[in-house]
Amino acid sequence: MKKNLAVVGVQWGDEGKGKIVDILSQGYDCVARYQGGHNAGHTVNIGDRHHVLHLIPSGIFHRDVKCVIGGGVVLDPLALIEESEAIERSMSIPLEGRLFVSNRCHLILPYHRALESAIEDQLGERRIGTTSRGIGPAYEDKMGRRGLRVCDLINPETLPDKIRALVLEKNRTLEALKHPQMIDAEPICDSYAQYGQKIKSFVVDTAVLLNEIIRSGKSILFEGAQGTLLDVDHGTFPYVTSSSAAAGGAATGLGVSPKHVHQVIGISKAYTTRVGSGPFPTESLDAAGDELRTRGNEYGSTTGRPRRCGWFDGPAARYATMINALDSIAITKIDVLDTFDEIPVCVEYKYKGSVLKEFPADAAILAKVEPVYKIVRGWKKSIAGRTEWRELPAVAQDYLRFLSDYLRTPISIVSTGPGRNETIHLQTPVNFR
Ligand code: GDP
Ligand code: IMO
Ligand code: MG
């Protein structure tokens, strides 16, 4: 029986999860998203086609793979409708029978976006720099036990009154936050009732579906969004997203026992990026950072914001490796480093003159650590598109071996370009010594 696999981001998101999930999906019966919402932007390039998925799992381009949006995801129904219609157009086949949405997903409503904007405004310089999709306020309503769910959305009899009651409450909060515009419940009642009818055919109890898949001996790939350092419990709080992006989230977000998450692969860039606010010890604010951004085309897949760029952050990646107990790692975007004479890798953090033994919990401390770099020699030639380990220059192989040694984790995949085929699959993983 093939083992179920969780795919997680090791850094602050955008590691290339979309590309790797698309490639790996082929060997699985089902791909299931377990958290986050349309704050995610997962890019899949097939030939000259470029797809950015926000809600729909990155296995969707394989016609015999079932795709599940689990109850741990917060769902903006309009975003789902637009994305599913775009995919149906580009693939010329309906998604019904291939895409399944949990009846327990919490909903994002327009007041969540209004609240997020009001809260970010109030925070001023301390703002999180969110994606403005209403994600945080929707998760707040879930934890506060007042959110609306997909099972409410598809019940036209009870939906309007539930929306009206919540809008009343949210307007009180918006007023207190001095938000210039109040929310009108009626247009939301109308549009959400329509959305419910439109997405109804995708809605099932996905926990039942997934557990049946498991029982029948089939395999599931669990797709994480964001990254471990954005996880609400384990990330650089408060500069995080509001869900459990690390592997542990797969079980709670899907209603699948942790016993069924057999393996975890972590995706990491060969350097580091971050979008939004928060500490980023290895950020490069000079020409090298600009070069990484230009060469890596580091602009957000969801918001288009320029990503902050810097060197590989060893202590952060090592911490994420521990949190997820990674079985192996995929290193992406190694081709972006082709032009550098030297490649610094952060191997330690110093704080007030001493080496920190643990990844700090306090974002204020992380913001002040001094990264200690090991300088690795660059290979100075194009490795873009390489598909074999032996085609890599020895210096690039050394860089990858160094990362594997440092993280004490084998590297099983090396990505050398955005395309499906621009990938080195290591039958014998690059192993740490
Ligand atoms: P995700 O959120 O983790 O799925 O990552 P994103 O899709 O937001 O960002 C990754 C970006 O890097 C996308 O534009 C990918 O097409 C691109 N990409 C992925 N792997 C590689 C690679 O190995 N080399 C290069 N140059 N680009 C890559
Ligand atoms: P994928 O799945 C990178 C960041 C935002 C912000 C913080 C909180 O493509 O890797 P939110 O809107 O979630 O409340 O914002 O999290 N963020 C991401 N950064 N990739 C993502 O997703 C992200 N999703 C959220 O920029 O700093
Ligand atoms: Mg992304």
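Atoms within each ligand, like the ligands themselves, are counted from 1 in listed order. This structure is a prediction, so every number in the text was calculated from the model and none was measured.
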How far is atom 22 (O) of ligand 2 from its nearest protein heavy atom, and which residue and atom is that? Gln226 NE2, 3.5 Å
Mind checking whether Arg305 has a heavy atom under 4.0 Å from ligand 2? yes
Which of the numbered atoms in ligand 2 are below 4.0 angstrom from a heavy atom of Ala225? 2 (O)
Is there at least one pair of N or O atoms, one from Gly18 and one from ligand 1, spaced under 3.5 Å apart? yes
Select one of side chain, backbone, both or neither to describe which atoms of His42 lie under 4.0 Å from any atom of ligand 2, heavy atoms only. side chain
Answer yes or no on whether Arg318 is positioned over the face of Tyr406, meaning its NZ or CZ is under 6.0 Å from the six-membered ring centre and within 45° of the axis. yes
Taking the cut-offs as 6.0 angstrom to the six-membered ring centre and 45 degrees off its axis, would you call Lys2 and Tyr28 a cation-pi pair? yes
At a 4.0 Å threshold, what atoms of ligand 2 neighbour a non-hydrogen atom of Gly276? 27 (O)
Those atoms of ligand 1 less than 4.0 Å from some heavy atom in Arg307: 8 (O), 9 (O)
Of all the atoms in ligand 1, which lie at a distance below 4.0 Å from a heavy atom belonging to Ser301? 6 (P), 7 (O), 8 (O)
Distance under 4.0 Å to a non-hydrogen atom of Gly41: what atoms of ligand 2 satisfy this? 1 (P), 9 (O)
Return yes or no for this condition: an N or O of Val336 is under 3.5 Å from an N or O of ligand 1. no
Give yes or no for whether the N/O distance cutoff of 3.5 Å, strictly under, is met between Ile334 and ligand 1. no
Non-hydrogen atom of Ser242 closer than 4.0 Å to ligand 2: no
Contact between Lys17 and ligand 2, counting heavy atoms under 4.0 Å? yes
Answer side chain, backbone, both or neither: which part of Ile267 comes under 4.0 Å from ligand 1, heavy atoms only. neither
How are the rings of Phe359 and Tyr349 set to each other: parallel, tilted or perpendicular (split at 30° and 60°)? tilted
Quick one: nearest non-hydrogen protein atom to atom 15 (O) of ligand 2, plus distance? Thr130 CA, 3.4 Å
What residue and heavy atom of the protein are closest to atom 8 (C) of ligand 2, and at what distance? Val240 O, 3.4 Å
Return the residue, atom name and 0.1 Å-rounded distance of the protein heavy atom closest to atom 10 (C) of ligand 1. Asp14 O, 3.7 Å
Nearest-contact summary for atom 16 (O) of ligand 1 - protein heavy atom, Å: Asn45 ND2, 3.1 Å
Residue, atom and distance of the protein heavy atom nearest atom 5 (C) of ligand 2 read Gly129 O, 3.7 Å
State the atoms of ligand 1, each with its element, that fall below the 4.0 Å cut-off from a heavy-atom position in Gly417. 20 (N), 21 (C), 22 (C), 23 (O), 24 (N), 25 (C)
Ala40 heavy atoms within 4.0 Å reach ligand 2 at atoms 1 (P), 2 (O), 9 (O), 22 (O)
Element-labelled atoms of ligand 1 that are located less than 4.0 Å from some non-hydrogen atom of Glu15: 3 (O), 5 (O)
For Tyr239, which part has a heavy atom under 4.0 Å from ligand 2: side chain, backbone, both, or neither? neither
Can you count the protein N/O/S atoms lying under 2.8 Å from the Mg ion (ligand 3), leaving waters out? 2
Of all the atoms in ligand 2, which lie at a distance below 4.0 Å from a heavy atom belonging to Trp12? 3 (C), 19 (N)
Protein contact of atom 3 (C) of ligand 2 - nearest heavy atom, named by residue and atom, plus distance: Asp14 OD2, 3.2 Å
Nearest non-hydrogen protein atom to atom 15 (C) of ligand 1, with distance, is Thr43 CB, 4.0 Å
Look at the rings of His260 and His262 and say which category their plane angle falls in: under 30° parallel, 30 to 60° tilted, over 60° perpendicular. perpendicular
Does ligand 1 have any atom sitting under 4.0 Å from a heavy atom of Gly41? yes
re atom 17 (N) of ligand 2, the protein heavy-atom contact at minimum distance is Leu230 CD1, 3.8 Å
Is there at least one pair of N or O atoms, one from Thr332 and one from ligand 1, spaced under 3.5 Å apart? no
Under 4.0 Å from any heavy atom of Lys19, which atoms of ligand 1 are there? 20 (N)
Identify, for atom 27 (O) of ligand 2, the protein heavy atom at the shortest distance, and state residue, atom and that distance. Val275 O, 3.0 Å
Give the residue, atom name and distance (to 0.1 Å) of the protein heavy atom nearest atom 13 (O) of ligand 2. Thr241 OG1, 2.6 Å
For ligand 2, indicate whether the residue Arg274 contacts it via side chain, backbone, both or neither (heavy-atom separation under 4.0 Å). neither
